[in-house]
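Structure, as structure tokens:
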Amino acid sequence: MIKQLFKFREMLLVVIIAVLLGVFSSRSPGFASPSNLSNIFNDTSILIILALGQMTVILTKSIDLSVAANVAFTGMAVAMLNAAHPDLPLAVIILTALSIGAILGAINGLFVWKLGIPSIVVTLGTLTIYRGMAFVLSGGGWVNAHQMTEPFLQTPRQLFLGLPILGWTAIVIVAIIYIVMSRTFLGRAIYASGGNPTAAVYAGIDVGRTRFFAFVISGTLAGLCGYLWVSRYAVAYVDIAAGFELDSVAACVIGGISTLGGIGSVAGALLGSLFLGVIKNALPVINISPFSQMAISGGVIIAAVIFNARQERRRGRIILRDRGASEKIEGIA
């Protein structure tokens, strides 16, 4: 029974996270207290949202390396908008962030869909372009807290039932993406496009268009994170969220989302993000040096990739074995 239970990657991650919390609590009393766990979840909220967007792209057998650059450009744009027009309602600013993010995601999707360029090449290019656009927009300058309005800065920090609005935003996004992936045609098309593109075409699914919409979802969520990042840290500059594109991919890989497409879950992306969140919050507390932190994080990612590869290889052997058996049956017939 226990062996069967641990075949589920999500359950295994839950156990690992619980063990990590226990170990770190023994070194730092209070680490697993409700207030600290709330802080960890809040700190990880932006990564959770980005990882969910990344998940939709990876499930279609693609990747989006431009998400962090999208965060940087969108964050800079809305911070400058707020500084220049302080009377503008916050809802308009958030809608602007979502729209800018969606447009940047759509650009990636169009290149992949219409021109057939590999997503890693497209998003590696747009990563640099979007960072450059943020520099051109700001002239290399910063937008600081005193230039932003109180509603812009304070809304995500306001507490509701003991958790900041930022954390509740992540919970709402998790629920929305879960519904999209499990209850809509688009969600089923995303899984089919990555899992078996040929069969998806025969089922009437436009694989290219589905990948386009996956990039739009990823871009929209990155745009939202642009606003959330700037409001949380009360500063906008060109290099915000540097390296976060790799963290979003790592969260997905750790959560069991296959880079070959078609395999993964919202729970996996959520737990992979929380795993990284616990690690990153705990290592400084137990006096692990920054260089060791990077090595540990990298080791965890490599271990997750190896684990995923082994699981997928086993599935592949079964498929080949079944195919061989069917060929023998056909030969006998």
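Just so it is clear, the model here is predicted, and its values are computed rather than measured.
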Would you indicate whether [X], at its atom [atom1], is surrounded by more than 12 heavy atoms from other residues, nucleotides or ligands within a distance under 6.0 Å?
X: I120; atom1: CD1; answer: no
X: R232; atom1: CZ; answer: yes
X: F24; atom1: CZ; answer: yes
X: R27; atom1: CZ; answer: no
X: F135; atom1: CZ; answer: no

| Chi angles and distances behind the side-chain contact (heavy atoms from CB on, under 4.5 Å) call for I107, Y130 | CA-CA 11 Å; I107 291 171; Y130 297 164; 3.6 Å; yes
| Where do F160 and W168 come nearest, in terms of heavy atoms and distance? | O-NE1, 2.6 Å
| message | Using salt bridge (charged side-chain N to carboxylate O under 4.0 Å, His left out), reason through K280 and D43 one step at a time and then give a plain yes or no. | response | CA-CA 10 Å; K280 291 189 175 186; D43 288 342; over 6 Å; no
| Would you say the ring centroid of F215 lies under 6.0 angstrom from that of W113? | no
| task | With side-chain hydrogen bond (donor to acceptor under 3.5 Å, both in side chains) as the test, would you mind laying out the steps for N82 and T149 before giving the verdict? | result | CA-CA 7 Å; N82 179 248; T149 63; 3.1 Å; yes
| task | Begin with the C-alpha distance, continue with both residues' side-chain angles, and end with the deciding distance and a verdict on side-chain contact (heavy atoms from CB on, under 4.5 Å) for I173 and I48. | result | CA-CA 9 Å; I173 296 298; I48 290 171; over 6 Å; no
| remark: Only one of V57, I176, L186 passes side-chain contact (heavy atoms from CB on, under 4.5 Å) with I217, and that residue is L186
| task | Start with the C-alpha gap between D64 and S218, add the side-chain angles, then the distance that decides, and say whether side-chain hydrogen bond (donor to acceptor under 3.5 Å, both in side chains) holds. | result | CA-CA 8 Å; D64 188 355; S218 178; 3.1 Å; yes
| said: Pairing donors with acceptors under 3.5 angstrom, does anything connect the side chains of S66 and E245? | reply: no
| If two hydrophobic side chains count as joined below 4.5 Å and joins carry through other members, does L90 share a cluster with L159? | no
| Are L246 and V238 linked, directly or through other ILVMFWY residues, by side chains that come within less than 4.5 angstrom of each other? | no
| query | Would you call the rings of W142 and Y237 parallel, tilted or perpendicular, where under 30° means parallel and over 60° means perpendicular? | reply | parallel
| task | Verify side-chain contact (heavy atoms from CB on, under 4.5 Å) between V216 and I103, making sure each step is shown before the conclusion. | result | CA-CA 7 Å; V216 171; I103 290 169; over 6 Å; no
